[in-house]
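Take a look at the structure below.
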Amino acid sequence: MTGRDKRSVGELLLESDHAARAILMDVDEMDAATMLRTWGEVVQAAGELWQALPPVTLPQPGTGEHLPDSADLAIRQLRAMSEAMHRTGRGRVWPGDGPADDRLLGIAESFTGATDLISRHAIPRPPLSEPERRDLQAARTRIMHTLYIGSHGVAVAVGRRVRELEMKMATRGALTTGDSLRQARAAHARLTAFEQQAGAVIAGTYPGRLTGEHREPPAAGRLAQALAIWDVQTHRTLSDRVSTADLMLTARTQAMVLTATSTLTRAAADYGHVDRQQYMTRLLPAIEASHQGWEIMAGLWKDLTPPTSRRVDPDLARAALETRAALYELLHDGATIAHASLIGQRTNLRRVGRLAKQVLVTNLDLAHVTHDATTNPELSGAARTVNMLAITTRRHDQRDAQTIDDSPLAAWVAPRDLLANRAVSLPDHVRAGIAATADGLIDANGTAMSAAALLDAASPQAHQTRRNTERSAKGRRALHDLSTLSLSAARPGPRCER
């Protein structure tokens, strides 16, 4: 359904950077051994991408030679550090063999995709122009920043593992064979050194060098097409199979789409293409409530996803990534959110009201699809979360509050399943509680859809706002032209030699 990946090199690098940041937001999902096993792949892919980029060399006066710049030398050092750490850990009990971290694997895949794009389109060429040189520096900065943030995330996970082992050592006086405190400490020290090396490279350059990043004009209709494909793919995926990982990705993507919709609508209101009063008093609070509902559902699905079942449907993942890239293309400027004037240059703000209404209609429908998933008898969840929800919901039920037994013998989940945190079926009262949360999501999304009903009907005040904004922009241009003319008239001309 989603076809090939349509993202550019810049969009793949931006996605890698955001993915590295997102890891730090999900501290409870950090598994030190899994992340450490995967980190080498990220560094290797980053090094290969760096090598595929045009080289930056420094001329040596009097010799005619060109030597690599400091960043080139740094990436070589980082690759050597990562390879040495991988060789040291190979064959040891910890981190040992096992599955890869999906989030870090996604970063490595984005780097590899960017390398493939560059390799397919690379041609011999003369020295880079100034815009091309700035774009190259921006790309290198993004790669190095991703390594810096990513290494910090892995170091945080390994540091937590070190503290856990130290507590076990202090409590028991000894550790089991698989709990290697010395190896964990060594890995943490080496990751810290890696992070400091990468940080030294980007110090003073991030985010400044991102201002030179090349951006093609946004493709007409790309966002609308991406949202339509996302809508179709979510329906297909969630009807074909019931997976908490897919439901989590759906909820997170919808929350992101709502945030972007609010930003676009605010920009349209600033320029008088949407009634600002309607936006501020009705639509904005409704979108915020809907966004909160999706975030709650995303957190719930995340907790219910077993560690061994985090793989999402590939087509759903591709549709989500394309949607995010289409939104970033309009709303991001370097490392920040673009100003309303820049957003207005990238898209037709007159169409935002209609787009917002379409988004919120889809939003309500996906809330119903989510609710339907909660009633599917095949839906399962991570044993520990299911057990916790079972006890919590019973405790809050006044009829059962006096008879709750919190002992392990009274657990709703078998001890073996609890220990392994396997996927287990949901007790009826847990399923009912999740369905009630989905009911709240439906209500919030229905309110948001209703609030958007009058977006296209701009009030006279909105028309006046648009005229004032356009007049102000023309005034600023005229003032700039006048000041330029005045300065040129006051500047003395070249002397005539007699």
Side-chain angles (χ1 to χ4, degrees), residues 23 25-35 37-38 94-103 105 157 160-161 163-165 167-168 171 176 178-179 237-238 240-252 294-313 316 370-397 400-401 403-438 441:
I23 290 175
M25 302 300 292
D26 292 328
V27 178
D28 55 335
E29 288 190 19
M30 290 183 173
D31 180 83
T34 303
M35 295 178 73
R37 281 194 295 265
T38 318
W94 194 88
D97 297 327
D101 183 273
D102 290 339
R103 298 161 303 170
L105 207 56
R160 289 180 59 189
R161 179 61 177 167
R163 290 190 294 274
E164 291 172 0
L165 294 176
M167 291 179 63
K168 286 184 179 180
T171 303
T176 60
D179 295 330
T237 298
L238 298 182
D240 288 345
R241 67 180 202 174
V242 181
S243 162
T244 52
D246 293 337
L247 288 164
M248 176 180 65
L249 178 59
T250 299
R252 283 180 169 175
W294 282 112
E295 287 286 2
I296 290 173
M297 292 302 302
L300 182 59
W301 297 131
K302 183 189 76 170
D303 292 339
L304 284 168
T305 302
T308 56
S309 305
R310 297 193 182 278
R311 277 284 183 178
V312 300
D313 175 28
L316 186 69
T370 298
H371 183 275
D372 292 343
T374 65
T375 62
N376 191 314
E378 296 181 3
L379 180 66
S380 60
R384 295 170 191 170
T385 300
V386 171
N387 189 63
M388 180 194 67
L389 290 174
I391 294 175
T392 303
T393 52
R394 281 301 192 193
R395 184 179 290 116
H396 285 86
D397 190 331
D400 298 327
T403 61
I404 290 295
D405 183 359
D406 290 338
S407 70
L409 295 177
W412 288 85
V413 178
R416 289 183 179 180
D417 292 333
L418 274 176
L419 183 62
N421 203 20
R422 298 191 185 98
V424 297
S425 59
L426 304 180
D428 290 341
H429 63 285
V430 171
R431 189 184 299 277
I434 298 174
T437 304
L441 178 67

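This one's a predicted model, so the numbers in the text were calculated from it and none came from an experiment.
- Smallest separation of non-hydrogen atoms from Thr244 and Ser380: CG2-O, 3.4 Å.
- Here the side chains of Trp301 and Thr370 are in contact, with some heavy-atom distance below 4.5 Å.
- Under the 4.5 Å side-chain criterion, counting only non-hydrogen atoms from C-beta, Val386 is not in contact with Asp417.
- Partner of Asp246 under the side chain to side chain contact (heavy atoms under 4.5 Å, CB included) criterion, chosen from Thr305, Leu316, Asp240: Leu316.
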Show, in sequence, the C-alpha distance, side-chain angles and deciding distance for Thr237 and Asp313, and conclude whether the side-chain hydrogen bond (donor to acceptor under 3.5 Å, both in side chains) test is met. CA-CA 7 Å; Thr237 298; Asp313 175 28; 2.6 Å; yes
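- Nearest approach of Ala373 to Leu379, heavy atoms of both residues: O-CD2, 3.6 Å.
- Considering only heavy atoms from C-beta on, Ile23 comes within 4.5 Å of Met35 through its side chain.
- Pairing each heavy atom of Arg416 with each of Arg422, the nearest pair is O-NH1, 3.3 Å.
- In this structure, Ala438 and Met297 approach most closely via the heavy-atom pair N-SD, 4.1 Å.
- A salt bridge does not link Arg37 with Asp101: none of the charged nitrogens is closer than 4.0 Å to a carboxylate oxygen.
- Under a 3.5 Å cut-off, the side chain of Arg431 and the backbone N or O of Thr374 do form a donor-acceptor pair.
- Arg252 places no side-chain N or O within 3.5 Å of a backbone atom of Gly299 that could act as its donor or acceptor partner.
- Here the CG atom belonging to Asn387 is positioned 5.0 Å from the CG atom belonging to Leu418, to the nearest 0.5 angstrom.
- Between atom CE of residue Met248 and atom CG of residue Asp303 there is a gap of 10.0 Å, rounded to the nearest 0.5 Å.
- Contact of the Leu300 side chain with the Leu247 side chain is not registered, since no non-hydrogen atoms from C-beta on lie closer than 4.5 Å.
- The line from CE of Met30 to CZ of Arg103 is 6.5 Å long, rounded to the nearest 0.5 Å.
- Shown here is Arg241, whose CZ atom has more than 12 heavy atoms of other residues, nucleotides or ligands within 6.0 Å.
- Taking both residues in full, the closest heavy atoms of Lys302 and Arg310 are given as O-NH1, 4.1 Å, listed atom of the first, atom of the second, then distance.
- Separating the OG atom in Ser243 from the CG atom in Asn376 is a distance of 11.5 Å, to the nearest 0.5 Å.
- Across Ala390 and Pro427, no two heavy atoms sit closer than the pair CB-CG, 4.4 Å.
- Looking only at distances, no side-chain donor or acceptor of Thr38 sits under 3.5 Å from a matching main-chain atom of Leu105.
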